Structure formats: structure tokens, C-alpha cells
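These figures come from a predicted structure and were not determined experimentally. Letters A, B, ... mirror the listed sequences (proteins, then strands); counts begin at 1.
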Amino acid sequence: MIEVRDLVKVFHARGHVVRAVDGVTTRVEAGEVVVVVGPSGSGKSTFLRCLNGLESFDSGHVVIDGQDLADRKTDINRVRREVGMVFQQFNLFPHKTVLENLTLAQQVVRKRSQDEAEAKARALLAKVGIAEKESEYPSRLSGGQQQRVAIARALAMDPKVMLFDEPTSALDPEMVGEVLDVMKTLAREGMTMVVVTHEIGFAKEVADRGIFMDEGKIVESGPPGELFSNPQEARTQLFLSQVL
Amino acid sequence: MNARARTWPWYLLLAVILLGVAASLWGATQRIDYTWRWKRIPQYFVYRGEDVATVPADGRVEEVREAGDEAVVVFVDETGERHEFRVAAGTVRVSPGEDLFAGDPVGSTFAWRTGPLLNGLWTTLWLSFFSGILGLLLGLVAGLCRVAKNPTLRGLSVVYVEVIRGTPLLVQIFIFYFFLGTVLDLDRIVAGVLALAVFAGAYVAEIVRAGIQSIPRGQMEAARSLGMNVPQAMRHIILPQALKRTLPPLAGQFISLIKDSSLVSVIAITDLTKSGREVITSTFATFEIWFTVAAMYFVITGLLSQVIQWMERRLAVSD
């Protein structure tokens with residue numbers, strides 16, 4: 001489903017060069033749930049943002065469902081329809097109601113009728129457990145509710161892959177659970193997911209594979225049971241001893 | 001510390017200072033021996049205009065009769081055709097049986113007319129309105145170009161904004177009227193409206209740019225991640241939010257435009273300022289007219305800023 005080969009992303013910041021993603025190669029199969037962990041500044045978010053073209057990369061290939069993002073002929077908007085993304089800061093549209101947040105892209109991008117889009121939106125809101133908030137504005141919702149709306153908004157486009165960029169990092173602790181529950185449900189339903197997170201518990205429970213990144217490189221990867229319980233690399237051991 | 005500190009002494013001080021300013025102004029005019037003639041001013045807002053009715057051809061007055069506060073004059077011309085004139089009572093200048101020649105006055109009618117000050121105010125208002133609308137469109141386009149990725153569009157926008165903001169409006173008006181007006185054969189009104197619109201557009205462009213840039217990057221990223229292209233994201237996500245934020249500064253710019261429009265009087269557009277100058281030439285009531293003109297501008301801009309404050313409160317509610 002996703003194939004990444006020798007991905008390199010370089011930032012030029014105040015004279016010095018940062019290799020945020022430095023030669024990453026990996027694959028994500030359809031239906032697989034991959035969790036990416038690593039210290040801050042390790043390039044894991046940049047890596048994730050390269051997967052749907054929000055970040056342009058300097059060399060390498062990202063192939064999503066057969067379409068290479070490095071190929072100039074690839075229509076990035078067409079690829080993004082198939083790749084849903086959930087952000088740390090939710091990024092809901094504050095001037096639209098919850099329902100409009102879900103229907104807008106369906107109508108504008110997928111050219112669905114309003115009735116069809118609303119039916120889809122209501123079904124998804126029910127699925128993430130906030131059907132009763134459909135006519136509220138996002139600012140009236142709690143962080144956990146906003147993030148669930150954001151997940152529903154991405155799902156409304158019927159994506160083949162979902163990317164999560166630290167979806168629980170901006171939440172109050174008591175709201176983390178409700179968002180993780182929605183993500184677990186998705187994982188069980190067979191959604192292909194790449195999740196950047198600090199939630200090791202979530203990773204152990206639902207991930208098919210864990211990736212540990214540091215300084216733009218994949219240090220270690222493997223089944224979460226092994227990676228998080230019995231890491232081989234010293235760098236991974238140090239990180240896990242700090243977060244657990 | 002008492003949270004509810006007494007504020008009335010300060011308001012008292014404010015009143016004293018304002019009264020002091022007014023008194024010193026009054027004292028200054030006393031010293032130069034100026035005679036204030038405020039009574040002359042109202043007639044330049046509205047006045048009762050007199051229309052003199054005249055006969056169209058030679059003939060004879062057949063009858064004059066009173067009808068309430070009107071008088072009816074019946075006139076028969078050489079060909080035997082009857083004409084009836086209704087004029088104000090007391091203005092009849094003919095008597096029955098009198099012979100009249102074509103063009104002789106019969107009497108007068110009176111009607112309320114707007115004077116030069118109100119006409120000038122109206123000119124100022126529509127001049128500002130049209131140049132404001134045009135400036136808004138120009139500024140929106142220039143502002144969008146300013147945040148575009150394309151270096152050509154960005155460069156054009158930067159040059160436009162910098163040139164306009166770096167030169168005086170008065171000089172721009174002269175250039176529009178004398179240079180562009182001559183080259184393109186523009187009417188003075190068109191030249192005036194264009195000069196004001198181009199001037200306002202440069203400031204609106206900066207306001208629009210600031211508005212767009214004030215929207216968090218995540219909004220654009222979220223829109224793009226849903227598969228929208230840049231124009232779609234701009235139209236549905238960025239601009240609605242940006243325009244809401246820029247409404248107060250845009251309105252402020254429009255208030256400035258009303259004041260700046262006084263400069264078009266230099267190319268002989270009879271706006272409020274030029275009307276004021278014209279009235280002065282016939283009254284010599286220099287002080288009164290300029291104070292009146294200033295007050296008229298102040299009322300308009302004051303009303304507008306009240307409307308804006310009301311709009312801001314309305315918008316804040318929906319947040």
C-alpha cells in the first residue's frame with residue numbers, strides 16, 4: 001500500500017543543514033497498522049507528512065497505492081483523497097459546524113450531493129460517538145471531541161490509508177482514551193494506519209509493527225511486543241526507559 | 001487599593017480642558033475681530049428655490065383667481081389656446097386683461113432644494129463608495145498575488161503596493177488626471193475614482209495579506225490533506241476566516257478613504273470640500289463653512305465607525 005525508498009528531507013535553517021529524514025526505507029501493507037515512535041526532533045512527523053505530500057522531499061520515492069509522489073506527473077490532490085490525515089492540533093475548520101466540517105470536502109472534492117455527504121457524515125459522527133454535536137461549532141467542543149470529529153472528517157473521504165500525527169499529544173489526559181478507542185476500532189476494521197505517537201500502550205495493543213526513529217533514520221523496527229519490551233539497540237532502550 | 005477608584009474627578013478635568021480649548025478658540029477669534037454669521041449656513045444645506053413661470057407666447061391674461069394658498073392665472077395666447085398657471089399666492093405679477101409678450105413672468109412657485117453642501121456630501125459619499133468597492137476588488141487580487149507562490153505575481157503585487165504607498169495621494173491624483181486622463185481620455189470623475197481606488201487597493205492588499213497570513217498553517221494543511229487544491233482551500237477555508245478577521249481594518253480603511261476623497265477637489269470634482277470652498281467665495285463665512293464641513297465629515301465617519309463596532313460585536317458572538 002505504501003512503499004518508501006531512501007527518503008531524504010533536508011531543512012536549511014539559519015546556515016546549518018538538518019537532515020530531518022535521512023534515507024528511510026520501509027513498506028506498509030494494506031490493513032497493516034504501523035506505529036512510529038521516537039524522541040522529539042527525530043523526524044517522525046516530517047516522515048509522516050512526506051507520505052501525503054504536505055512536506056516535499058529532496059530525494060527518494062514515496063509510492064502510495066502505485067502512485068509515486070516523486071513523479072512530477074502524479075496529481076497530488078488525487079493521492080491525498082485516498083490518504084486521510086489527523087493532526088496533533090485537530091485543525092478543524094472553526095467557521096464551519098461539525099457537520100459542515102465533514103461534508104465540505106466530500107462535496108468539493110468527491111463531488112457528492114449534499115444529501116449523500118450528510119448521510120455519510122452523520123453515520124461517521126455516530127461511529128465516533130458525537131452524533132448529537134453535529135450543529136455545534138468546533139470551538140464549543142472539548143479537545144477529545146474535536147479530535148474525534150477530525151478523524152471522522154478524514155474518514156468521510158473514504159481513504160485507503162490513515163495517517164495520525166501525534167493525535168493525542170495536545171489532549172488533556174482524561175480525553176486520550178476516547179480518541180484511542182476510536183483508533184483501535186479503526187485498526188480492528190482493517191484500516192491501513194501509520195501512527196506517530198508516544199502512546200506505547202496503544203502501540204503494543206493494536207500495532208502490527210513498531211518503528212523507532214532517531215535523527216531521521218529508522219533505528220529499529222519489528223513487532224511491537226519485541227520492539228517495546230525487548231529492544232536490541234541501545235538508543236531504543238534509552239528512549240523507552242525515559243518514556244515508560 | 002480600592003478597586004472602584006473614583007473616576008469622576010478625571011472626567012471633570014477632561015471637561016475643564018475641553019472647555020478651556022473652546023474658550024481659547026473663542027478668545028482668539030475675538031482678538032481678530034471676526035463676525036460670526038452662522039445664520040447664513042443653513043441655506044447652503046437646503047433652501048426654498050423659486051421658479052418663475054413665464055408665458056410661452058404673446059397674448060392676454062383672461063382671469064386671475066385665488067385658490068387657497070395658490071393663485072390660478074388663465075392666459076389666452078394669440079391662437080386662442082388657453083393656458084393655466086398655478087403659482088404661489090402673493091407672487092402674481094399680472095392682472096386680468098393685461099397684454100403679455102412671450103417670456104413675460106406670471107408668478108412664482110417655490111420648492112425645497114438641496115444646497116451645495118448636501119450635494120457635495122452626496123458626491124463625496126458615492127465617490128468613496130465606488131472607489132471603495134473597486135479598491136476592495138483590487139486589494140483582494142493584489143493581496144492574493146502577494147501570498148502566491150509564483151514570483152511574477154508576488155513581484156507585481158509588491159511593486160504595486162510599494163509604489164502606491166510610497167507616493168502622496170495628491171500626486172497620484174494629479175498623475176491620474178493630467179497624465180492618464182489625457183492619454184486615455186478619461187473623464188475627471190473616472191480619473192478621481194480610479195486614483196482613489198488604486199490608492200485604497202494598495203492598503204487593502206496589505207490588510208488582505210495580513211489576514212490570510214494570520215490563519216494558522218494547519219488550516220491550509222487540513223484542507224490540502226482532504227484533497228482540495230489551493231483555489232478550493234482558499235475559497236472555502238482560508239478566505240472566509242481571513243475576511244472575517246480583516247473586516248474591522250477594512251472598514252477603517254474605508255473611513256480613511258472618505259477623508260482622503262477630499263483631495264479630488266483639486267481636479268475640480270465638486271465634492272464636499274470643493275462645495276465648501278465654493279460657498280466661501282459667495283459668503284466669505286470662511287470659519288463657519290470649514291467648521292461645518294469638518295463636522296459633516298466627522299458625522300459620516302463617526303456613524304460608519306459605530307456601524308463597524310456593531311458588526312464586530314455581531315461577529316464576536318458567532319465565534
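B/R245 contributes a side-chain N or O that, together with a main-chain N or O of B/S214, makes up a donor-acceptor pair within less than 3.5 Å. Using modelled atom types, one side-chain atom of A/Q106 and one backbone atom of A/L102 make a donor-acceptor pair closer than 3.5 Å. Listed for the A/Q146 side chain is a donor-acceptor partner under 3.5 Å among the backbone atoms of A/L141.
For the set A/E82, A/R78, A/R81, A/H95, the entry with the most heavy-atom pairs within less than 4.5 Å of chain B is A/H95. Here B/S225 is the residue among B/P240, B/A233, B/A223, B/S225 with the most heavy-atom pairs under 4.5 Å with chain A. Contact tally against chain B (heavy-atom pairs below 4.5 Å) for A/N77, A/N91, A/L54: the top residue is A/N77. Comparing A/L92, A/V83, A/V86 by how many heavy-atom pairs each has under 4.5 Å with chain B, the most go to A/L92.
For a residue to count as touching a neighbouring chain, one of its non-hydrogen atoms must lie under 4.5 Å from one of that chain's; by this rule B/R217 touches chain A with the side chain only. With a 4.5 angstrom heavy-atom cutoff, A/F87 touches chain B only via side-chain atoms. The contact between A/R153 and chain B is made by backbone and side chain atoms together, counting heavy-atom distances below 4.5 Å. Only the side chain of B/Q232 comes within less than 4.5 Å of a heavy atom of chain A; its backbone N, CA, C and O stay farther away.
At least one side-chain heavy atom of B/R165 sits under 4.5 Å from a side-chain heavy atom of B/E206. At a threshold of 4.5 Å between non-hydrogen side-chain atoms, the residues A/V63 and A/I2 do not count as touching.
With salt bridges taken as basic N to acidic carboxylate O contacts below 4.0 Å, none links A/K120 and A/E118.
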